[in-house]
Q: 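Below is a structure I'd like to ask you about.
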Amino acid sequence: MDPAKELKSYKDQQRIAALRASIASLEAKHARLETDLTAVNAQLIGNPHDTCKRYTQLLHEYNDIKDVGQGLMGLLAEARGVRQVEVEKEFGVSEED
């Protein structure tokens with residue numbers, strides 16, 4: 001057999017082996033991700049779409065309540081003639097809240 005063909009064949013075999021190893025690794029990773037996804041879905045209450053929709057609704061409600069609270073503190077600060085930050089500190093509201 002021609003040495004060049006043998007060398008090419010050997011290189012091809014190495015590439016094929018590397019590709020097979022890569023495929024096996026990706027298949028294993030895919031299986032792990034599927035398992036993780038199943039576990040996460042099991043933790044959700046009901047349909048994941050409904051859960052996401054509910055959390056979005058709750059977040060909007062929270063933001064509305066927070067806006068009202070900040071507005072009231074702003075009015076209180078204006079009535080007292082102080083900065084809103086001072087009123088927030090009085091009520092225990094931090095910058096992270």
Side-chain angles (χ1 to χ4, degrees):
M1 186 169 195
D2 183 15
K5 284 186 179 182
E6 285 182 28
L7 183 60
K8 184 177 179 183
S9 175
Y10 179 72
K11 286 182 180 179
D12 287 343
Q13 289 174 2
Q14 285 181 319
R15 287 185 192 136
I16 290 170
L19 288 171
R20 285 185 177 148
S22 177
I23 289 169
S25 173
L26 290 171
E27 286 174 340
K29 183 176 182 179
H30 179 262
R32 284 192 309 274
L33 290 173
E34 284 290 336
T35 301
D36 291 348
L37 179 61
T38 301
V40 168
N41 280 336
Q43 292 176 355
L44 296 174
I45 300 168
N47 182 337
H49 175 73
D50 293 340
T51 301
C52 185
K53 192 174 178 180
R54 175 72 177 137
Y55 280 117
T56 303
Q57 177 188 359
L58 290 171
L59 182 60
H60 285 297
E61 289 177 21
Y62 166 80
N63 285 332
D64 289 343
I65 293 168
K66 182 179 174 186
D67 290 344
V68 169
Q70 285 180 328
L72 290 172
M73 285 188 276
L75 290 172
L76 187 57
E78 187 177 326
R80 290 182 180 177
V82 297
R83 294 178 36 216
Q84 184 169 338
V85 174
E86 294 173 25
V87 175
E88 289 174 356
K89 284 181 184 177
E90 180 184 336
F91 285 97
V93 178
S94 69
E95 291 180 16
E96 292 84 31
D97 290 335

Q: Near Glu90 CD, under 6.0 Å, is it more than 12 heavy atoms from other residues, nucleotides or ligands?
A: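 More than 12 heavy atoms, drawn from other residues, nucleotides or ligands, come within 6.0 Å of this atom.
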Q: How many angstroms lie between CZ in Arg20 and CD in Glu27, if you round to the nearest 0.5 Å?
A: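 Atom-to-atom, Arg20:CZ and Glu27:CD are 12.0 Å apart.
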Q: Distance from Asn41 atom CG to Asp36 atom CG, nearest 0.5 Å?
A: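 Here the interatomic distance stands at 11.0 Å.
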Q: Please confirm whether the backbone N or O of Ala18 pairs with a side-chain atom of Ser22, one donor and one acceptor, at under 3.5 Å?
A: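 Judged by distance alone, no pair lies under 3.5 Å.
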Q: Working to the nearest 0.5 angstrom, can you tell me the gap between Lys53 NZ and Leu58 CG?
A: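 The NZ atom of Lys53 sits 13.0 Å away from the CG atom of Leu58.
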Q: Of the non-hydrogen atoms in Gln84 and Gln70, which two are nearest, and what is the gap between them?
A: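 Taking Gln84 first and Gln70 second, the nearest heavy atoms are NE2-O, 3.2 Å.
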Q: If we only count heavy atoms from C-beta on, is the Asp12 to Arg15 side-chain gap below 4.5 Å?
A: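 SC-SC contact between Asp12 and Arg15 confirmed.
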Q: Can Met73 be reached from Val82 by stepping across I, L, V, M, F, W or Y side chains whose heavy atoms are under 4.5 Å apart?
A: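 Yes; Met73 is reachable from Val82 via cluster members.
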Q: If we only count heavy atoms from C-beta on, is the Leu72 to Phe91 side-chain gap below 4.5 Å?
A: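 No, every pair of side-chain atoms sits at 4.5 Å or beyond.
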Q: Once you round to the nearest 0.5 Å, how far does OG of Ser9 lie from CD of Gln14?
A: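 Rounded to the nearest 0.5 Å, the OG-CD separation comes out at 10.5 Å.
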Q: How far apart are the C-alpha atoms of Asp50 and Arg54, what are their side-chain angles, what is the distance that settles it, and do they pass the side chain to side chain contact (heavy atoms under 4.5 Å, CB included) test?
A: CA-CA 6 Å; Asp50 293 340; Arg54 175 72 177 137; over 6 Å; no
Q: Do side-chain atoms of Ser25 reach the backbone of Ala21 as a donor and acceptor pair under 3.5 angstrom?
A: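 Absent.
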